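Counting from 1, the numbers follow the sequence of the chain as shown. This structure is a prediction, so every number in the text was calculated from the model and none was measured.
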Amino acid sequence: MCVNCGCSDNSQTKITNPETGEHQHVLADGTIVNHSHDHNGDHHHQESSHAHTHAQIHHTTISVEQDLLAKNNLTAAQNRGWFDGRNILAFNLVSSPGAGKTTFLVRTIRDLQSEIPISVIEGDQETANDSQKIAATGAKVMQVNTGTGCHLDAEMVAKALKQLHPPLHSTVMLENVGNLVCPALFDLGEAAKVAILSVTEGDDKPIKYPHMFRASQVMVINKIDLLPYVEFDVEKCCEYARQTNPDIKIFQVSATTGEGMESWYDWIREILAAGENQVAAAST
């Protein structure tokens with residue numbers, strides 16, 4: 001169970017047989033209901049230990065989620081005001097583990113540090129390995145270890161900012177814990193979420209984890225230098241991303257070789273020149 005968001009609690013699990021279309025719903029009280037949809041769109045409940053309406057099976061429970069997120073959203077708004085007051089542009093970098101997020105960030109800092117001051121809040125469950133890589137670039141960095149938590153939240157960022165002291169008129173990169181699920185829910189006060197995936201992952205990530213790509217203003221496809229060696233359809237991945245979020249900005253890069261990185265830098269420069277509230281406009 002996620003210690004912060006309780007993401008597995010009352011999660012309305014659904015188990016589906018892809019051959020028959022039949023699926024089981026595990027309701028909040030633990031009851032299992034077998035259920036199917038025929039080609040006419042009709043619904044069939046084959047088995048139920050209690051009487052359950054279709055609304056009970058397919059309803060979306062939001063009250064608990066709203067309570068959990070209310071405090072976070074308030075702190076995120078305060079963080080956003082803190083950034084605005086200091087003319088600091090903040091990005092929230094999210095990905096699954098191994099997508100190359102830290103390498104991408106190190107490359108960005110090294111290439112831009114002569115023109116854009118960048119500070120980092122580094123999120124991992126354990127170790128300071130990645131923050132040490134960031135520190136080696138000369139950038140200011142603060143490590144947040146979340147323990148059993150699977151994401152950064154706004155309060156963690158607020159506390160880290162007090163120690164980080166990023167300079168005025170600068171950029172702060174929030175490198176989130178490797179996870180494409182919970183970080184989608186948690187606003188940290190950033191100007192934009194940047195979702196990073198690599199070509200060593202499936203090209204269907206945007207539709208398998210739609211909440212993250214819907215919440216992100218930018219998608220970075222990393223490790224394109226490996227495309228000759230892996231099965232990854234770039235066009236299909238981009239199509240899936242735009243199905244989920246028609247306005248998402250897409251970059252294809254290799255943080256290792258530097259290919260494509262200049263387009264990402266140009267976008268940052270464009271945002272800095274236009275102001276934070278221009279993120280959406282610059283994403284199109």
Side-chain angles (χ1 to χ4, degrees), residues 72-73 75-95 101-123 130-131 134-135 137-144 151-177 183-184 186-196 212-213 215-220 222 245 247-251 253 255 260-284:
N72 180 81
N73 290 342
T75 306
Q78 293 169 343
N79 288 346
R80 189 169 288 107
W82 193 93
F83 288 132
D84 286 346
R86 291 160 177 77
N87 194 27
I88 293 174
L89 181 64
F91 293 113
N92 182 2
L93 275 58
V94 295
S95 78
K101 195 159 67 271
T102 303
T103 302
F104 175 80
L105 184 51
V106 166
R107 181 95 193 198
T108 298
I109 293 169
R110 290 192 187 283
D111 289 349
L112 292 181
Q113 59 188 357
S114 64
E115 58 177 303
I116 301 173
I118 297 176
S119 304
V120 176
I121 293 176
E122 180 67 43
D130 288 348
S131 61
I134 300 297
T137 69
K140 298 180 69 175
V141 58
M142 192 60 55
Q143 176 76 51
V144 177
H151 57 87
L152 294 173
D153 64 28
E155 183 66 24
M156 295 175 189
V157 171
K159 290 178 178 176
L161 284 171
K162 290 180 180 177
Q163 300 187 55
L164 185 65
H165 297 299
L168 302 176
H169 315 294
S170 67
T171 296
V172 171
M173 298 286 186
L174 312 168
E175 184 177 355
N176 219 314
V177 178
F186 283 78
D187 180 7
L188 304 182
E190 71 273 11
K193 283 185 174 66
V194 179
I196 301 171
M212 178 57 76
F213 290 87
S216 297
Q217 287 73 26
V218 176
M219 178 178 79
V220 174
N222 191 22
N245 180 357
D247 297 325
I248 199 164
K249 182 77 173 179
I250 300 174
F251 299 100
V253 310
M261 293 294 288
E262 195 59 36
S263 296
W264 157 246
Y265 303 153
D266 286 343
W267 185 78
I268 294 177
R269 294 182 184 108
E270 185 179 351
I271 298 298
L272 286 170
E276 180 182 326
N277 60 358
Q278 297 301 309
V279 168
S283 297
T284 58

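Looking at Pro166 and Pro117, their side chains never come closer than 4.5 Å, going by heavy atoms from C-beta outward. For the pair Gln113 and Ile118, the minimum side-chain heavy-atom distance is 4.5 Å or more. Within the 4.5 Å cutoff, no side-chain heavy atoms of Tyr265 are placed close to those of Ile116. Contact annotation: the side chain of Phe186 never approaches that of Lys193 to less than 4.5 Å [non-hydrogen atoms, C-beta and beyond].
The existence of a salt bridge linking Arg80 and Asp187 is confirmed by a sub-4.0 Å separation between a basic side-chain nitrogen and an acidic carboxylate oxygen. Taking a cutoff of 4.0 Å between a charged side-chain nitrogen and a carboxylate oxygen, Glu122 and Lys101 do not qualify as a salt bridge.
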Please test Ser131 against Gln143 for side-chain hydrogen bond (donor to acceptor under 3.5 Å, both in side chains), starting from the C-alpha separation and ending with a verdict.
-> CA-CA 6 Å; Ser131 61; Gln143 176 76 51; 2.9 Å; yes
Would Asn176 and Asn92 count as a side-chain hydrogen bond (donor to acceptor under 3.5 Å, both in side chains) if you check the C-alpha gap in whole Å, the side-chain angles of each, and the deciding distance to 0.1 Å?
-> CA-CA 7 Å; Asn176 219 314; Asn92 182 2; 3.2 Å; yes
Dump the intermediate steps for side-chain contact (heavy atoms from CB on, under 4.5 Å) on Met261 and Phe104, then the final yes or no.
-> CA-CA 9 Å; Met261 293 294 288; Phe104 175 80; 3.7 Å; yes
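Trp264 and Met173 get closest at one heavy-atom pair: CZ2-CE, 4.1 Å. Considering all non-hydrogen atoms of both residues, Pro183 and Val177 come closest at CG-O, 4.3 Å. Across Met156 and Asp153, no two heavy atoms sit closer than the pair N-OD1, 2.8 Å.
Taken to the nearest 0.5 Å, the CG atom of Leu188 stands 7.5 Å off from the CG atom of Asn79. Separating the OG1 atom in Thr108 from the CG atom in Leu93 is a distance of 7.5 Å, to the nearest 0.5 Å. Rounded to the nearest 0.5 Å, atoms NZ (Lys249) and CD (Glu270) are 7.0 Å apart.
A side-chain donor-acceptor contact under 3.5 Å links Asn245 to the backbone of Ser216.
With Val106 as reference, Thr137 is the one residue of Asp130, Thr137, Val120 to meet the side-chain contact (heavy atoms from CB on, under 4.5 Å) rule.
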